[in-house]
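This report refers to the structure that appears directly beneath it.
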Amino acid sequence: SLTQWPDRPGLWEYKVPLKDIGNDSCIVLYWNPAELAPGVSREVGFSYGLGDVTSKGKLGILNPPPIAVGETFTLVALVADAKPGQSATLELPAGFDLAPDILRTQEVPPSKGGQPSPVTWRVAASSEPGDYLFTVNTSDGMSHSRRVTVRSRGIFQ
């Protein structure tokens with residue numbers, strides 16, 4: 001939830017959604033609690049700001065976070081007015097592979113409430129830095145491409 005930073009006791013007790021974000025904002029993350037056995041891990045990730053989407057008609061591609069050579073990253077396409085049975089296919093540049101168990105062609109979830117439907121691929125980056133063109137094609141003839149930069153090292157190295 002995008003909400004207002006509370007200036008009150010009980011800081012971590014939110015009633016969501018707060019309606020007025022006022023002059024300050026914060027995000028509140030929720031996930032299903034799960035008990036983890038010793039040695040078991042769980043990944044939780046989020047993105048907030050600094051992103052953009054390029055689009056052509058009813059098909060867009062989100063800008064992934066900074067990518068270093070050899071890293072696995074997520075590429076997300078957004079399809080507006082998605083219909084049942086519609087699919088999207090990702091064209092990978094040379095040197096990139098899909099993560100195990102990820103299909104190149106995926107069904108697009110039907111749009112709900114006017115929101116675009118996301119289609120997500122996990123991609124293993126090339127071992128060479130540079131700018132690479134990714135293209136998403138839909139079964140109803142839409143196509144859109146986005147240039148993605150792979151750096152020689154991560155932003156925290």
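None of these values were measured; they are calculated from a predicted model.
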Linked hydrophobic residues, L133 as query - side chain contacts closer than 4.5 Å: none
Residue pair V119 / P109: nearest heavy atoms and the distance that separates them: CG2-CD, 4.4 Å
S127 side-chain N/O to G70 backbone N/O, donor-acceptor pair under 3.5 Å: no
Residue list, side chain to side chain contact (heavy atoms under 4.5 Å, CB included) with P64, at least two apart or on another chain: I67, F73, L75, V148
Qualifying salt bridge (Lys or Arg N to Asp or Glu O under 4.0 Å) pairs with a residue from residues 88-105, counting only residues at least two apart or across chains: none
Qualifying residues under ring pair (Phe, Tyr, Trp, His ring centres under 6.0 Å), relative to Y132, sequence neighbours excluded: F96
For A82 against V108, the heavy-atom pair lying closest together: CB-CG1, 3.4 Å
Any pair counted as salt bridge (Lys or Arg N to Asp or Glu O under 4.0 Å), so long as it reaches residues 109-120, sequence neighbours left out: none
Those residues that, when tested against P110, pass side chain to side chain contact (heavy atoms under 4.5 Å, CB included) (two or more places apart): P84
Side chain to side chain donor-acceptor pair (under 3.5 Å) partners for S139, two or more places apart: none
Residues which pass side chain to side chain donor-acceptor pair (under 3.5 Å) with D131, listed by chain and number, not counting sequence neighbours: T149
Spatial distance of atom CD (E107) from atom OG (S117) [nearest 0.5 Å]: 10.5 Å
Side-chain heavy atoms of T74 within contact of V123, under 4.5 Å: no
Heavy-atom side-chain proximity of L78 to L62 below 4.5 angstrom: yes
Partner set under side chain to side chain donor-acceptor pair (under 3.5 Å) for T120, not counting sequence neighbours: none
Contact summary for H144 and I61, nearest pair of heavy atoms: O-CD1, 3.5 Å
Minimum-distance pair of heavy atoms, taken over all atoms of P129 and V69: N-CG1, 3.5 Å
V79 side chain reached by P116 side chain, heavy atoms, under 4.5 Å: no
Set of side chain to side chain donor-acceptor pair (under 3.5 Å) partners for S143, sequence neighbours left out: N137
Sequence neighbours excluded - ring-ring contact (aromatic ring centres under 6.0 Å, His included) pairs with any residue from residues 101-121: none
Pairwise side-chain contact, L98 with R122, heavy-atom cut-off 4.5 Å (strictly under): no
Sequence neighbours excluded - salt bridge (Lys or Arg N to Asp or Glu O under 4.0 Å) pairs with any residue from residues 56-68: K58-D81
Separation between OG of S152 and CD of E128, rounded to the nearest 0.5 Å: 10.5 Å
Check: E71 and R151 side chains under 4.5 Å, non-hydrogen atoms: no
